[in-house]
Amino acid sequence: VDASIYLHIPFCAGACGYCDFYSVSAGRDESRLDDFVDNLLHVVLKSIQSGGFDGVPTVYIGGGTPSLLGPERIGRLLGQILAALPAVPEEVTVEANPESLSPAFIEACAASGATRLSIGCQTLHERSRRAVSRIGAVSCVRRAVSDVARLFPGSFSLDFISALPYQTEAILEEDLSFACGSGADHVSLYALTLAEGTPLDSAVRRGDLSLPDPDSADALWIRGRDFLEERGFRQYEVSNFSRPGAESAHNMRYWRLENYLAFGPGAVGTIVDEEALRAVRTTWPADADLWCAPGVRGEAPDEERISTRDLVAESAIMGFRLRAGVPNDVFERRFGVPVRFFYGKTLDAWRDRGLAVLERPALNPAGLLLLDRFLVECLSELDSTYPRYEERRR
Ligand code: SF4
């Protein structure tokens with residue numbers, strides 16, 4: 001059995017106005033970061049030694065802002081984890097934000113085994129950055145990306161956001177043009193979502209800021225998608241684009257509902273028991289303090305049992321995000337029936353409307369824009385198809 005590893009680094013230099021992830025201020029106390037890395041290493045190494053996994057195909061260090069750990073800590077974390085694995089993973093990604101992405105950090109990532117960096121650019125438009133309290137000036141983003149292109153021997157990905165305040169089509173095209181010319185082989189383009197309770201949400205409610213209306217926001221994202229596709233970046237997932245062969249192997253494992261272990265405050269992992277057709281989902285408490293004192297080991301993750309029915313549902317929810325659709329090989333090996341068994345009627349209806357292709361089966365680009373609606377129909381069909389599956393299994 002294989003399982004990927006995800007490590008969550010919860011620290012951030014500031015709080016972006018749209019963010020509703022769990023993150024905490026890094027503060028000035030460097031010993032907190034040392035204790036965090038020591039504790040994380042202790043828990044991860046113990047799990048690797050006792051886990052009984054045959055291989056770890058991918059490792060992903062995300063956040064938060066992992067680059068805030070600095071070169072020495074990232075080198076120690078990655079170096080010790082990779083040395084403890086039975087074989088070299090095919091992909092090792094580290095997320096970074098420009099303001100903390102120094103040449104020394106880039107070199108430490110490369111020297112300790114990272115194969116891929118993922119950089120949170122978001123936009124190169126100063127006014128939009130300020131409107132959503134995004135730390136780091138545009139010059140800092142440009143400098144960081146050019147350092148990565150020059151110094152990092154692996155590949156790299158850039159993240160951008162569409163429908164930010166003050167963003168026009170021309171501004172988005174400038175951002176993506178920078179991405180296409182940067183040497184990155186992967187770009188994520190997220191449509192801004194206004195999460196309730198965030199500072200951005202409050203600013204919009206107060207009338208201090210305005211965002212594009214939903215139709216304009218959709219049109220902007222579609223323009224971004226087409227811009228990237230015209231330049232050889234193929235959309236392979238709702239928000240992700242890559243040059244051929246440069247898809248994120250780690251994230252593909254999430255969308256294919258393959259095993260991954262997760263560590264760190266708020267981190268969520270899933271291990272599927274292929275024989276029982278159930279899964280265990282582990283969630284670590286979202287409390288950085290539990291990991292930031294000498295000898296504190298983050299307590300234990302909460303464990304949730306995922307039923308066979310929920311696994312079938314999650315396979316659709318994750319798999320239909322992909323342009324290639326739900327992976328029939330994984331699905332049939334796991335459940336013993338093809339994807340159509342559960343979702344055939346919905347797929348036929350969406351094919352008839354020109355929004356799905358049955359061969360894979362998958363949504364086409366127009367269908368992907370309506371993914372949420374499609375999934376509602378799939379899950380309602382599952383209510384009638386799942387009992388038939390249960391009968392078959394008896
Ligand atoms: S850097 Fe990322 S995780 Fe941190 S506050 Fe901003 S969006 Fe949230």
Side-chain angles (χ1 to χ4, degrees), residues 16 62 65-67 91-107 109-110 114-132 134-192 212 217 219-252 323 365:
C16 304
T65 308
S67 42
E91 183 188 275
V92 178
T93 303
V94 180
E95 281 184 356
N97 280 340
E99 71 282 355
S100 46
L101 187 50
S102 64
F105 184 86
I106 299 167
E107 280 159 2
C109 285
T115 62
R116 189 169 176 273
L117 296 181
S118 175
I119 306 157
C121 295
Q122 317 318 357
T123 177
L124 292 138
H125 187 54
E126 206 74 77
R127 202 173 173 211
S128 300
R129 294 182 74 80
R130 276 201 298 269
V132 296
R134 184 78 195 178
I135 290 241
V138 169
S139 55
C140 168
V141 180
R142 290 187 187 279
R143 191 264 315 142
V145 173
S146 120
D147 284 350
V148 169
R150 194 164 44 87
L151 299 171
F152 189 64
S155 60
F156 64 97
S157 171
L158 304 181
D159 285 4
F160 286 88
I161 299 180
S162 74
L164 287 164
Y166 310 118
Q167 194 179 46
T168 60
E169 193 174 300
I171 288 171
L172 180 63
E173 287 186 5
E174 265 175 45
D175 283 352
L176 298 179
S177 171
F178 168 80
C180 294
S182 68
D185 58 7
H186 188 283
V187 175
S188 302
L189 177 62
Y190 299 104
L192 181 72
L220 203 56
W221 187 88
I222 290 168
R223 179 62 206 126
R225 176 198 69 188
D226 294 346
F227 188 93
L228 288 167
E229 290 247 343
E230 284 154 18
R231 281 151 191 83
F233 283 84
R234 189 174 174 278
Q235 182 190 19
Y236 70 98
E237 190 265 352
V238 172
S239 309
N240 285 284
F241 301 78
S242 78
R243 302 270 189 214
E247 298 85 3
S248 162
H250 184 86
N251 288 339
M252 283 299 284
R323 268 289 288 279

How long is the span from the [atom1] atom in [X] to the [atom2] atom in [Y], to the nearest 0.5 Å?
X	Y	atom1	atom2	answer
I171	L176	CD1	CG	12.0 Å
L228	R223	CG	CZ	9.5 Å
D226	E173	CG	CD	10.0 Å
T115	E91	OG1	CD	5.5 Å
S177	L124	OG	CG	10.0 Å
S128	D175	OG	CG	8.0 Å

Main-chain N/O of [Y] paired with [X] side-chain donor or acceptor, under 3.5 Å:
X	Y	result
R129	T123	yes
Y190	Q122	no
E247	A249	no
W221	L192	no

For a quick test of reading the model, state the closest non-hydrogen atom pair linking [X] to [Y] and the distance between them.
X	Y	result
F227	C180	CE2-SG, 4.4 Å
Q235	V238	NE2-O, 3.1 Å
P98	G120	CD-O, 3.2 Å
S67	S100	OG-OG, 2.8 Å
R134	N97	NH2-OD1, 3.0 Å

### Message
Just so I know, are the side chains of L220 and E169 near enough to count as touching, which here means a heavy-atom distance under 4.5 Å?
### Response
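Of all side-chain heavy-atom pairs linking E169 with L220, at least one is under 4.5 Å.
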### Task
Assess whether salt bridge (Lys or Arg N to Asp or Glu O under 4.0 Å) is satisfied between R323 and E229, documenting all intermediate values.
CA-CA 13 Å; R323 268 289 288 279; E229 290 247 343; 3.7 Å; yes
Under 3.5 Å, sequence neighbours excluded: what are the donor-acceptor pairs made by side chains of residues 151-165?
unit_1	atom_1	unit_2	atom_2	d
S157	OG	H186	O	3.3
S157	OG	H186	ND1	2.8

### Task
Mind running side chain to side chain contact (heavy atoms under 4.5 Å, CB included) on C121 and V145 for me, showing each step along the way?
CA-CA 9 Å; C121 295; V145 173; 3.9 Å; yes
#### Entry: Trace of the side chain to side chain contact (heavy atoms under 4.5 Å, CB included) decision for E95 with T65
CA-CA 7 Å; E95 281 184 356; T65 308; over 6 Å; no
### Message
Quick one, E126 with R142, criterion salt bridge (Lys or Arg N to Asp or Glu O under 4.0 Å). Give me CA distance, side-chain angles, the key distance, then yes/no.
### Response
CA-CA 12 Å; E126 206 74 77; R142 290 187 187 279; over 6 Å; no
